[in-house]
Protein chains: 2
Amino acid sequence: MSETVLYDYWRSSASYRVRIALNLIGESYRSVPVDLLARAHRAPEHLGRNPQGLVPVLDIDGERFTQSLAIIEYLAETRPESGLLPGVAVGRQRVRALSHAIAMDIHPVCNLGVVAHVTAVAENGEAARRAWMQKFIGEGLAAFERMLDHPATGAFCHGEAPTMADICLVPQVYNARRWEVDLSACPRIVAIEARCAAIDAFARAHPDRSK
Amino acid sequence: MSETVLYDYWRSSASYRVRIALNLIGESYRSVPVDLLARAHRAPEHLGRNPQGLVPVLDIDGERFTQSLAIIEYLAETRPESGLLPGVAVGRQRVRALSHAIAMDIHPVCNLGVVAHVTAVAENGEAARRAWMQKFIGEGLAAFERMLDHPATGAFCHGEAPTMADICLVPQVYNARRWEVDLSACPRIVAIEARCAAIDAFARAHPDRSK
């Protein structure tokens with residue numbers, strides 16, 4: 001059987017998501033760090049793994065996969081007992097919509113490369129970066145909080161067990177705290193994040209334990 | 001049976017994707033325009049449909065859905081004969097990875113609201129906007145072109161019929177042309193886009209026919 005290997009970076013939200021998912025399904029893996037600050041993701045060795053030059057990359061089941069949510073979808077399909085996605089189509093649609101509200105509408109806009117470019121073109125770079133993070137994470141999570149005002153929300157984003165939506169939410173809240181985004185108007189998010197933090201699969205995936 | 005209604009905006013890439021998908025599965029629908037330039041997406045009426053204040057929103061099968069790719073996943077699952085996603089898990093993973101390389105890594109960064117903010121903070125707003133579009137669309141499509149250098153690429157992004165990946169690619173190429181991004185280094189993309197443009201389901205979804 002082929003070894004499961006995750007090429008990741010401790011602070012990458014996309015890597016953090018896949019670490020949580022692998023822990024939730026009980027898949028043990030070897031981590032190979034790709035140091036984004038040292039630009040190791042742009043080295044030929046990593047571009048050979050992923051033409052996009054991004055992390056994470058996952059070797060599993062004898063295949064090589066990129067894109068965190070496409071990886072989690074694969075894990076959900078091939079390990080359906082994990083509950084990463086609900087069992088019915090309407091539920092899966094909601095979990096994907098919640099996941100994409102973070103993974104498409106917040107995270108890419110606050111990506112390292114994008115924000116570096118904002119900092120470069122703005123008059124007051126450092127202040128512009130901080131304002132950018134607070135604006136886009138803050139507005140995005142406020143919208144997510146409103147999406148959680150829904151009968152299918154339970155102890156977690158969808159029902160009573162973690163799904164892909166919680167896997168997306170937790171790294172985004174980590175980033176919100178890092179940039180001192182005010183979460184006082186997001187009580188549902190804060191409560192769900194606290195419940196996730198108490199679960200070993202989430203705790204072991206935390207950036208501080210992946211450095 | 002409930003009426004299928006698409007709340008959309010002619011130039012929104014996310015709306016354009018869902019229009020193509022509905023056409024490909026042969027689902028007729030009524031279009032309700034939401035004028036983003038008039039900020040109709042921020043009006044209480046639309047926020048009632050979608051707490052994120054985004055288009056598209058789709059009413060179908062008696063349900064209301066948001067998030068373009070989560071909608072397309074739902075259509076793929078409930079109309080599997082459409083081929084919007086391949087029949088095997090590894091193929092689905094690749095189509096999702098290609099789709100997300102556009103829908104997560106290019107499109108959100110070049111979103112109207114994000115780019116308006118760049119224009120506001122930059123010293124030379126209009127030039128900064130143009131440079132921003134050319135940089136992020138150009139680099140993103142160049143990476144996508146490299147991803148297409150893969151044995152599973154056929155006449156379309158994955159195999160010999162359109163999938164969700166082509167549905168994501170075509171609106172992004174429309175935007176690339178709008179911002180005069182140089183596509184000369186992307187022959188695979190250009191060829192696939194031309195094949196899609198010749199298909200009625202894609203042609204009828206074009207922004208110029210949805211104004």
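Owing to the predicted nature of the structure, the values given are computational and were not obtained by experimental measurement. Reminder, nothing fancy here: chain letters follow the sequence lines and each chain counts from 1.
- Between A:Asp8 and the options A:Ser31, A:Ser15, A:Ser210, a side-chain hydrogen bond (donor to acceptor under 3.5 Å, both in side chains) holds for only A:Ser31.
- At a cut-off of 3.5 Å, with distance as the only test, a side-chain donor of B:Asp105 or A:Gln67 sits close to an acceptor on the other residue.
- Of the N and O atoms on the side chains of B:Tyr174 and B:Arg11, at least one donor lies less than 3.5 Å from an acceptor on the other residue.
- B:Glu145 contributes a side-chain N or O that, together with a main-chain N or O of B:Arg188, makes up a donor-acceptor pair within less than 3.5 Å.
- Chosen from A:His100, A:His107, A:Lys135, A:Glu139, the residue pairing most often with chain B at heavy-atom distances under 4.5 Å is A:His100.
- A donor-acceptor pair under 3.5 Å links the side-chain atoms of A:Thr153 to the main chain of A:Leu148, judged by distance alone.
- Both the backbone and the side chain of A:Ala97 come within contact range of chain B, each with at least one heavy atom under 4.5 Å from a heavy atom of that chain.
- Judged purely by atom type and a 3.5 angstrom limit, A:Arg19 uses its side chain to pair as donor or acceptor with the backbone of A:Trp10.
- Contact count versus chain A (heavy atoms, under 4.5 Å) is highest, among B:Asp149, B:Val118, B:Val114, for B:Val114.
- If you measure heavy-atom distances from A:Phe136 to chain B, the contacts under 4.5 Å come from the side chain alone.
- Interface residue A:Leu54: only side-chain heavy atoms are found under 4.5 Å from chain B.
- Interface remark: of the candidates A:Ala103, A:Ala101, A:Gly53, A:Ala128, A:Ala101 forms the most heavy-atom pairs closer than 4.5 Å to chain B.
- Proximity to chain A is limited to the side chain of B:Glu63, based on heavy atoms less than 4.5 angstrom apart.
- With chain B as the partner, the residue from A:His117, A:Arg146, A:Met147 showing the most heavy-atom pairs under 4.5 Å is A:His117.
- No other option in B:Ile71, B:Leu47, B:Val121, B:Asn111 has as many heavy-atom pairs under 4.5 Å with chain A as B:Val121.
- Residues B:Leu85 and B:Thr163 have side chains not in contact (no heavy-atom distance under 4.5 Å, counting atoms from C-beta outward).
- A donor atom on one side chain and an acceptor atom on the other are not found under 3.5 Å apart for B:Tyr7 and B:Asn50.
- Put simply, of A:Ala122, A:Pro51, A:Ala89, the one with the most heavy-atom pairs under 4.5 Å next to chain B is A:Pro51.
- With a 4.5 Å cut-off on non-hydrogen atoms, A:Thr78 touches chain B through its side chain but not through its backbone.
- Interface summary for chain A: among B:Asn124, B:Val109, B:Val95, the most heavy-atom pairs under 4.5 angstrom belong to B:Val109.
- The part of A:Glu77 that comes within reach of chain B is its side chain, from C-beta onward, which places non-hydrogen atoms under 4.5 angstrom from that chain.
- Proximity to chain B (any heavy atom under 4.5 Å) is shown, for A:Gln93, by both the backbone and the side chain.
- Judged purely by atom type and a 3.5 angstrom limit, A:Arg92 uses its side chain to pair as donor or acceptor with the backbone of A:Pro86.
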